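Bear in mind the structure is a predicted one, so any value in this text is a computation, not a measurement. As the structure lists them, so they are numbered: ligands from 1, and atoms in each ligand from 1.
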Amino acid sequence: MITVGVLALQGAFSEHIQLLRQAAMTIKPATPESPNFQFVEVRTQDELSKCDALIIPGGESTAISLVAARSGLLEPLRDFVKVERKPTWGTCAGLILLAESANRTKKGGQELIGGLDVRVERNHFGRQLDSFATDLKLPFLDPDVDAKPFKSVFIRAPVVEKILPHKEGIQTEEAEQVDTVVAPSKTPKDDAAKRMLGGEVEILATLPAGSASQSAAAKGGDVIAIRQGNVFGTSFHPELTGDPRIHTWWLERVSEQVKMKSTTA
Ligand SMILES: NC(=O)CC[C@H](N)C(=O)O
């Protein structure tokens, strides 16, 4: 059985668990009696260590990282994503935390987990009032042009504003002035060297022009879904619309990655 955790420090974690349960019912179990997945809320290092995969929900990334730091979870989370390379999905604030670099962070910066070689811009579309919902075609979910669009909710959402050059080990971005990059590890050098990010960044979805009237998004082309190896990120909140298709898609990928790991381990 695969254990999927949802980081439950702040934000929309229970909505994710609900939709994960719904999604899991659409995936055929190996045998009718044994479920494929169990879903757990994660608040401690011990709970994290029992997970094969993790969702970091939307909410407030500064609050999530503060509580994670206080609970001693930041380094275990970095190891989970970048050393153990377990499947991890960040939605909205979760995407910010999984970026190696972020702009428009709070004064003094904020801690990130990293794992995606990208720089995100927080609150790209403006404030709470500029939040919006839009129907998106998501070819990674279904390449059919007639596929039912996915209702996507953007709440003070980030976008991926830059793909960073892929470097092995810890990422730093020296050339440009940014607000926050993942802090260098406090673990010994050898451990740090193991923190490798997985492969190329794939852009999975961009926002079409005119999706968010009156805001910067009017021009279109903003990157709103990406994947790099074991790490997946979406700017929007699929857990708030009751449509389990992205959760199903992700759980299927989690199954593949967990199976692959167990055969190569
Ligand atoms: N809905 C969200 O997750 C908003 C993210 C929030 N703007 C942040 O920076 O954390």
If you round to the nearest 0.5 Å, how far is CG of Leu97 from CG of Leu7?
8.5 Å
Distance from Thr3 atom OG1 to Leu54 atom CG, nearest 0.5 Å?
12.0 Å
Could Lys162 and Glu100 be called an ion pair, given the rule that one side-chain N must be under 4.0 Å from one carboxylate O?
no
Between Phe232 and Trp89, how do the two ring planes meet: parallel, tilted or perpendicular, split at 30° and 60°?
tilted
Write out each pair where an N or O from ligand 1 and one from the protein are under 3.5 Å apart, with the distance.
| residue | atom | partner | partner atom | Å |
| --- | --- | --- | --- | --- |
| ligand 1 | 1 (N) | Ile155 | O | 2.9 |
| ligand 1 | 1 (N) | His237 | NE2 | 2.8 |
| ligand 1 | 3 (O) | Gly59 | N | 2.9 |
| ligand 1 | 3 (O) | Gly59 | O | 3.1 |
| ligand 1 | 3 (O) | Ala93 | N | 3.0 |
| ligand 1 | 7 (N) | Asn123 | OD1 | 2.6 |
| ligand 1 | 7 (N) | Arg156 | O | 2.9 |
| ligand 1 | 7 (N) | Arg156 | NH1 | 3.4 |
| ligand 1 | 9 (O) | Ser61 | OG | 3.2 |
| ligand 1 | 9 (O) | Arg122 | NE | 2.6 |
| ligand 1 | 9 (O) | Arg122 | NH2 | 2.7 |
| ligand 1 | 10 (O) | Ser61 | N | 2.5 |
| ligand 1 | 10 (O) | Ser61 | OG | 2.8 |

Sequence neighbours left out, what passes side-chain hydrogen bond (donor to acceptor under 3.5 Å, both in side chains) with Glu256? Give chain and number order.
none
Once the angle between the rings of Phe150 and Phe236 is folded into 0 to 90°, is it parallel (under 30°), tilted (30 to 60°) or perpendicular (over 60°)?
tilted
